[in-house]
Amino acid sequence: MPPRRSSIGSPDLDPLLAWYDGARRVLPWRAAPGESPDPYRVWLSEIMLQQTTVAAVIPFFERFIRRWPRLDDLANANLDDVLAAWAGLGYYARARRLHACAGAIIGEHGGRFPRDVAGLRTLPGIGAYTAAAIAAIAFEVPVVPLDGNIERVLARIHAVTAPLPRAKPELRRRAAALVPSHRAGDVAQALMDLGAMVCTPRAPDCPCCPWQRNCRANALGIVGRLPTPAPKSIRPHRHGVAFWLERADGAVLLQRRPLEGLLGGMLEVPSTPWREDRWTGTEARRHGPAAVTWHPLPGTVEHMFTHFRLTLSVWSGVGGGAGGSWHTVEQLADAGLPSVMRKVVRHVAANKTPPRSERRSADRRTGHGRAP
DNA sequence: CATGCGTGGTC
DNA sequence: TGACCAAGCAT
């Protein structure tokens, strides 16, 4: 009789749960022991946590809950308000889908979250991972979600050396073999906590791991090299010119970006397209929001996106009559600008005709703006 | 299945 | 300082 697969394939969940209970990590979306989790909070946190660190999410989560305490509050909110509240968190399509998802649950599901993976999976912004996570954590459905943390844990436990994404099918099988008969939500969160706090990408804390003795990679001394990352692609460098247009009363022009694509639906300082070739003055001027005299500001704004690096020159001009919305400088702080545009605002404040003493200190701070 | 999609922290 | 990283989704 061949050995049972579980005896060779899967580590025991009890030490993991014991470790989890001992760690007792308190997070604002997590139910207290013995209390049932709120699906709305679980869902909101899972969307925010997609490719985003816990530390970055916490203040956004608190603000969202304070402002929209229940699902239908969020469903009834204006999309622009949701986008503005999301500003700074990144991956803005999530905010659009969050709002659409709230509307779909209110409009098509009687205001209740579907309680199974397949139902959750049909909702905007909810993919395979998030559907499984919500099902397990909010509804105790016996599934193991597979996220980056759990992939790493499983790749190490089982010494899966194939590079991602080729290792995915095996990792999915390994996750399925772990599906618990009870405490599905705790198992899911325990696995993610283990990956986030112990089985970390760099400098994993193996002596503290409840599964150290089950870990093939640990036995082989290759923990630090797993999982094998996918080959990385090169990041191109793009250039643009942003147009800081000020009206006589001091208001500044912003425009809203198209709903689809980069920074979709977010406000921006109008600019040329962002391309790999640098812009000549003549070329850039054609993209300006108004036919005014433009004055290039010293220095540039540098920003790193996932798939390209951006260098933005900023031109300043005075005039009106352009399409868009006008904001006082005080309003800009709360306008819900994405981070790259907040950098533009900061750059203008530091470089636009300040008193001489302030200019010198601003130049030292940014490292830009010096004469060559 | 590869690609597009943000940001801030870390080493 | 730059590369890498973090609880993915949609197309």
Side-chain angles (χ1 to χ4, degrees), chain A residues 25 27-30 41-61 83 86-98 100-101 120-138 144-153 163-169 175 185 187-197 199-204 224 227 229-238 257-266 268 274 301-310 336-343 367:
Chain A
R25 191 147 74 126
L27 296 171
W29 46 85
R30 220 166 243 190
R41 290 176 157 249
V42 172
W43 162 70
L44 179 59
S45 69
E46 288 300 338
I47 300 299
M48 288 184 165
L49 286 163
Q50 289 167 2
Q51 297 286 278
T52 309
T53 58
V54 166
V57 163
I58 287 175
F60 282 86
F61 179 85
L83 286 171
W86 198 275
L89 198 54
Y91 285 134
Y92 298 99
R94 289 185 295 173
R96 228 176 336 112
R97 294 172 188 144
L98 185 84
C101 184
L120 290 162
R121 182 70 184 75
T122 65
L123 293 165
I126 298 184
Y129 160 74
T130 306
I134 296 172
I137 297 169
V144 171
L146 191 59
D147 72 334
N149 280 318
I150 301 179
E151 281 181 2
R152 184 172 56 256
V153 170
L164 294 167
R166 199 142 50 83
K168 270 293 197 66
V187 168
Q189 294 177 91
L191 284 165
M192 288 188 276
D193 278 7
L194 187 69
M197 302 164 67
C199 195
T200 51
R202 283 175 302 195
K232 46 189 176 293
S233 53
I234 56 108
R235 180 152 37 194
H237 188 170
R238 296 187 191 168
R257 294 176 63 87
L259 225 45
E260 300 292 328
L262 186 70
L263 305 175
M266 303 300 290
E268 69 170 353
W274 301 341
V301 171
E302 302 291 334
H303 191 74
M304 204 71 79
F305 289 96
T306 307
H307 52 296
F308 66 93
R309 183 161 90 90
L310 178 65
L337 290 174
S339 291
V340 60
M341 292 299 152
R342 298 183 69 105
K343 286 186 186 176

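Residue numbers start from 1 in every chain, and the chains themselves are labelled A, B, ... in the order their sequence lines are given, proteins ahead of strands.
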Strand contacts (DNA chain C) in residues 124-132 of chain A, 4.0 angstrom heavy-atom criterion
A/Pro124, A/Gly125, A/Ile126, A/Gly127, A/Ala128, A/Tyr129, A/Thr130

Pick base, sugar-phosphate or nothing for A/Arg257, based on heavy-atom distances below 4.0 Å to the nucleic acid.
nothing

About how many Å separate CG of A/Asp147 and CG of A/Leu191, when rounded to the nearest 0.5 Å?
9.0 Å

A/Phe305: side-chain contact (heavy atoms from CB on, under 4.5 Å) partners, not counting sequence neighbours
A/Leu262, A/Leu263, A/Trp274, A/His303, A/Phe308, A/Leu310, A/Val340

Below the 4.0 Å mark, does B/dG8 have OP1 or OP2 next to a side-chain nitrogen or oxygen of A/Ser339?
yes

By the 4.0 Å heavy-atom rule, please label A/Gly88 as base, sugar-phosphate, or nothing.
sugar-phosphate

Once you round it to whole Å, what is the distance between C1' of B/dG6 and CZ of A/Arg235?
11 Å

Reckon A/Arg166 touches a base, only the sugar-phosphate, or nothing at all at heavy-atom distances under 4.0 Å?
nothing

Can you check side-chain contact (heavy atoms from CB on, under 4.5 Å) on A/Phe60 and A/Thr52, steps first, answer last?
CA-CA 11 Å; A/Phe60 282 86; A/Thr52 309; over 6 Å; no

Test: A/Glu302 and A/Lys343 ion pair at under 4.0 Å
no

Quick one: which of C/dC4, B/dA2, B/dG6 gets closest to the side chain of A/Pro165?
B/dA2

Tell me whether the OP1 or OP2 atom of C/dT11 has a side-chain N or O from A/Arg97 closer than 4.0 Å.
no

Atom pair distance, as rounded to whole Å: CZ in A/Arg121 and C1' in C/dG8
10 Å

Within residues 45-55 of chain A, residues whose heavy atoms come under 4.0 Å of DNA chain B
A/Gln51, A/Thr52

For A/Ala131, all residues meeting side-chain contact (heavy atoms from CB on, under 4.5 Å), sequence neighbours excluded
A/Val117, A/Leu120, A/Arg121, A/Ile126

Contact between A/Leu27 and A/Phe61 at the side-chain level, heavy atoms closer than 4.5 Å - yes or no?
no

Over how many whole Å does the gap from A/Leu310 atom CG to B/dT7 atom P extend?
11 Å

Protein-nucleotide distance (A/Phe308, atom CZ; B/dG6, atom P), rounded to Å:
9 Å

Between A/Tyr92 and B/dT7, is there a contact of a side-chain N or O with OP1 or OP2 at under 4.0 Å?
yes

Given atom OH of A/Tyr91 and atom C1' of B/dT3, what is their separation to the nearest angstrom?
11 Å

For A/Leu27, which contact category applies under a 4.0 Å heavy-atom criterion: base, sugar-phosphate, or nothing?
base

Comparing A/Arg202 and A/His303 on DNA chain B - which has the more 5′ nearest nucleotide:
A/His303

Please report, rounded to the nearest Å, how far the P atom of B/dG6 is from the CZ atom of A/Phe305.
7 Å

Looking across every strand, which nucleic acid part, if any, lies under 4.0 Å from A/Pro338 by heavy atom: base, sugar-phosphate, or nothing?
sugar-phosphate

Which is true for A/Arg238 with a 4.0 Å heavy-atom rule: it touches a base, it touches only sugar-phosphate, or it touches nothing?
nothing

Given atom CZ of A/Arg94 and atom C1' of B/dC5, what is their separation to the nearest angstrom?
10 Å

Worked check of side-chain contact (heavy atoms from CB on, under 4.5 Å) between A/Ile150 and A/Met192:
CA-CA 6 Å; A/Ile150 301 179; A/Met192 288 188 276; 3.8 Å; yes

What residues, two or more places apart in sequence or in another chain, satisfy side-chain contact (heavy atoms from CB on, under 4.5 Å) together with A/Gln189?
A/Tyr20, A/Arg30, A/Ile137, A/Asp186

Give A/Arg309 one of three labels, base, sugar-phosphate or nothing, depending on what nucleic acid heavy atoms sit under 4.0 Å from its own.
nothing

Is A/Ile150 touching bases, backbone alone, or none of the nucleic acid, heavy atoms closer than 4.0 Å?
nothing

Salt bridge between A/Glu260 and A/Arg96, side-chain N to carboxylate O under 4.0 Å?
yes

Report the distance from atom CE of A/Met304 to atom P of B/dG8, rounded to the nearest whole Å.
13 Å

Can you see if the side chain of A/Lys232 gets near the phosphate of C/dC4 - specifically, an N or O under 4.0 Å from OP1 or OP2?
yes

For A/Arg238, which residues count as a side chain to side chain donor-acceptor pair (under 3.5 Å) partner, sequence neighbours excluded?
none

Could you tell me whether the phosphate oxygens of B/dC5, OP1 or OP2, come under 4.0 Å of any side-chain nitrogen or oxygen in A/His307?
yes

Any side-chain heavy-atom pair of A/Tyr91 and A/Gln50 under 4.5 Å:
no

Taking the P atom of each, how far is B/dG8 from C/dC9, in whole Å?
22 Å

